[in-house]
Protein chains: 2
Amino acid sequence: MTGKTTREPRYAWLRECLVKDIASGKYPVGSLLPPEFQLAETYGVSRHTVREATRKLADIGLISRRPGIGTVVCAARDPNPYVAGLGTAKDLFDYTNATRLEVLARREVAADAALSGLIGCPPGEAWVELTAFRHATGQVAPISFTKVYLRPEFAAIEERLRGNHISIYAMLERFHGQTIHTVRQEIEAALMPAQAARLLGVGARSAALLMRRAYLDASGRVLGVSDNLYPSERFRLVTSWSRGDAGAAD
Amino acid sequence: MTGKTTREPRYAWLRECLVKDIASGKYPVGSLLPPEFQLAETYGVSRHTVREATRKLADIGLISRRPGIGTVVCAARDPNPYVAGLGTAKDLFDYTNATRLEVLARREVAADAALSGLIGCPPGEAWVELTAFRHATGQVAPISFTKVYLRPEFAAIEERLRGNHISIYAMLERFHGQTIHTVRQEIEAALMPAQAARLLGVGARSAALLMRRAYLDASGRVLGVSDNLYPSERFRLVTSWSRGDAGAAD
DNA sequence: CAGTGGTCTAGACCACAGC
DNA sequence: CTGTGGTCTAGACCACTGG
């Protein structure tokens, strides 16, 4: 727990270095990053590793690699917000694996009208509610205040969540043999409720992103729901669509 | 220009081979692809090239690379003109085509620090800023307060926007011959600024969704940016992902 | 244990941008 | 022309999975 069992790859470390250097103004917006071979030299890695590091930065739009020109700094984001790319199910999977839930409380609930509407279950059905923080790996402050609703038969997941980095998504598939067929996600604006604000250490009625995800099996049954409240300054959602070069030659 | 001056990279060719082989059933859904070193041998390329070829297939969910296990075929899907989008890219275009911009003001601006960070251009560059409402067809109240930033050479789009339902995206492609290669979207929580709140008829400092979209060409150059502020009660973003074929997961 | 994908190195040549 | 990122090779060691 104290020590990471696996050491961080070099490209991930380099990537964070670059994010910091861009945010700090060392590489201003509109300027060029040092050429790849020079970054490799400076940081003592191979050029391949530099490219691996910059690849994701290009994916989220922080930089843009231009052949024959160089690597342009496109945006200087505060390194605080956790930037997640959630364009595809894979992105979602990566994201949930890069975050960790810290369970604060657990209680069994009977679905009232609000919950049954949220989950899409008959009123009165028994569910387990987990109250939790979501942490980004390597960050101290939680990035979201989260409530998770699980069917009682899957509630053993909670024990596996403690101190673990594996996502609920993966848990359901791995330990309960459930195949997640559909993930439905809703995003809307919200104001941070007083209780959540206090726990997160942000101002009450500050801006928040409310993100709900429901995990459904092939028959449309809801297996679990997570309800995430993100303070605006700690989270940003990035999605990008690219025209495929696969087969679409034109 | 008609013909591709550069020959196709090997990884792209290999990628198409794999797509065809998966579609043809040579590698059935749920089975494992040959290991990377073997693919490299079979196709006469290096393992690095194999990984480059399979990377995008993994990105779009066609395959899933599992350390210690192998590369699982997840779906046999027709290659989409828009990869990584599944339903969502279509949703975006449906959406932008179902809304209409009402331009309130236009001015030419030189990018200050904030704008250059937002757009990803060098400070001082000249851009045209449009201030607008976004209306949903058939609704009276605007659903967002929007600012659009365009390169001056594309600013003629503004005239076409008046009373028109076609999206900026379509405008750039249709009237300026620009090919939009990538759309990058960022979503974050915000509080509705007083001015926008007054114009929209909502409470100041109420919850809002800030959605930015940048339209990029193939070289990563930003062609235009739209910055949309949605009052929480008028907009909610729903996305859903479905697994193409069940049973592939484990 | 052997085999997988994940990471990494140290080279190399190419097409293209800009001078 | 030089320098850039894009592609590619031929190796290597690692953590993890499964038998």
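Below, read A as the first sequence line, B as the second, and so on, with proteins coming before strands; counting in each chain starts at 1. Quick caveat, the model's predicted, so the values are computed rather than measured.
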Listed partners of [X] passing side-chain contact (heavy atoms from CB on, under 4.5 Å), at least two apart:
X: R10(A); value: V45(A), T49(A)
X: E125(B); value: C121(B), P122(B), W127(B), R151(B)
X: A12(A); value: E8(A), P9(A), R15(A)

Without decimals, in angstroms, what is the distance between [X] [atom1] and [N] [atom2]?
X: L57(A); N: dG5(D); atom1: CG; atom2: P; answer: 14 Å
X: R55(B); N: dC8(D); atom1: CZ; atom2: C1'; answer: 14 Å
X: W13(A); N: dC8(C); atom1: CH2; atom2: P; answer: 11 Å
X: L14(A); N: dT9(C); atom1: CG; atom2: C1'; answer: 15 Å

Under the side chain to side chain donor-acceptor pair (under 3.5 Å) rule, collect the residues that match up with [X], sequence neighbours excluded.
X: N228(A); value: R134(A), T146(A), S226(A)
X: Y149(A); value: E129(A)
X: E52(A); value: R55(B)

Expected list for residues 63-73 of chain A: side-chain donor-acceptor pairs under 3.5 angstrom, two or more places apart:
{"unit_1": "R65(A)", "atom_1": "NH1", "unit_2": "R51(A)", "atom_2": "O", "d": "3.4"}
{"unit_1": "R65(A)", "atom_1": "NH1", "unit_2": "T54(A)", "atom_2": "OG1", "d": "3.0"}
{"unit_1": "R66(A)", "atom_1": "NE", "unit_2": "S219(B)", "atom_2": "O", "d": "2.9"}

Short heteroatom pairs, N/O only, protein and nucleotides 5-7 of chain C, under 3.5 Å:
{"unit_1": "dG5(C)", "atom_1": "OP1", "unit_2": "T71(B)", "atom_2": "N", "d": "3.4"}
{"unit_1": "dG5(C)", "atom_1": "OP1", "unit_2": "T71(B)", "atom_2": "OG1", "d": "3.0"}
{"unit_1": "dG5(C)", "atom_1": "OP2", "unit_2": "E36(B)", "atom_2": "N", "d": "2.9"}
{"unit_1": "dG6(C)", "atom_1": "OP2", "unit_2": "R51(B)", "atom_2": "NH1", "d": "2.7"}
{"unit_1": "dG6(C)", "atom_1": "OP2", "unit_2": "R51(B)", "atom_2": "NH2", "d": "3.0"}
{"unit_1": "dG6(C)", "atom_1": "OP2", "unit_2": "R65(B)", "atom_2": "NE", "d": "3.4"}
{"unit_1": "dG6(C)", "atom_1": "N7", "unit_2": "R47(B)", "atom_2": "NH2", "d": "2.7"}
{"unit_1": "dG6(C)", "atom_1": "O6", "unit_2": "R47(B)", "atom_2": "NH1", "d": "3.0"}
{"unit_1": "dT7(C)", "atom_1": "OP1", "unit_2": "Y11(A)", "atom_2": "OH", "d": "2.5"}
{"unit_1": "dT7(C)", "atom_1": "O4", "unit_2": "R47(B)", "atom_2": "NH1", "d": "3.4"}

Taking Watson-Crick and G-U wobble pairs with both distances under 3.5 Å, convert DNA chain C into its dot-bracket string, 5' to 3', dots for unpaired and | for cross-strand pairs.
||||||||||||||||||.
Can we say E188(B) and R212(B) salt-bridge, meaning some charged N sits less than 4.0 Å from an Asp/Glu carboxylate O?
yes
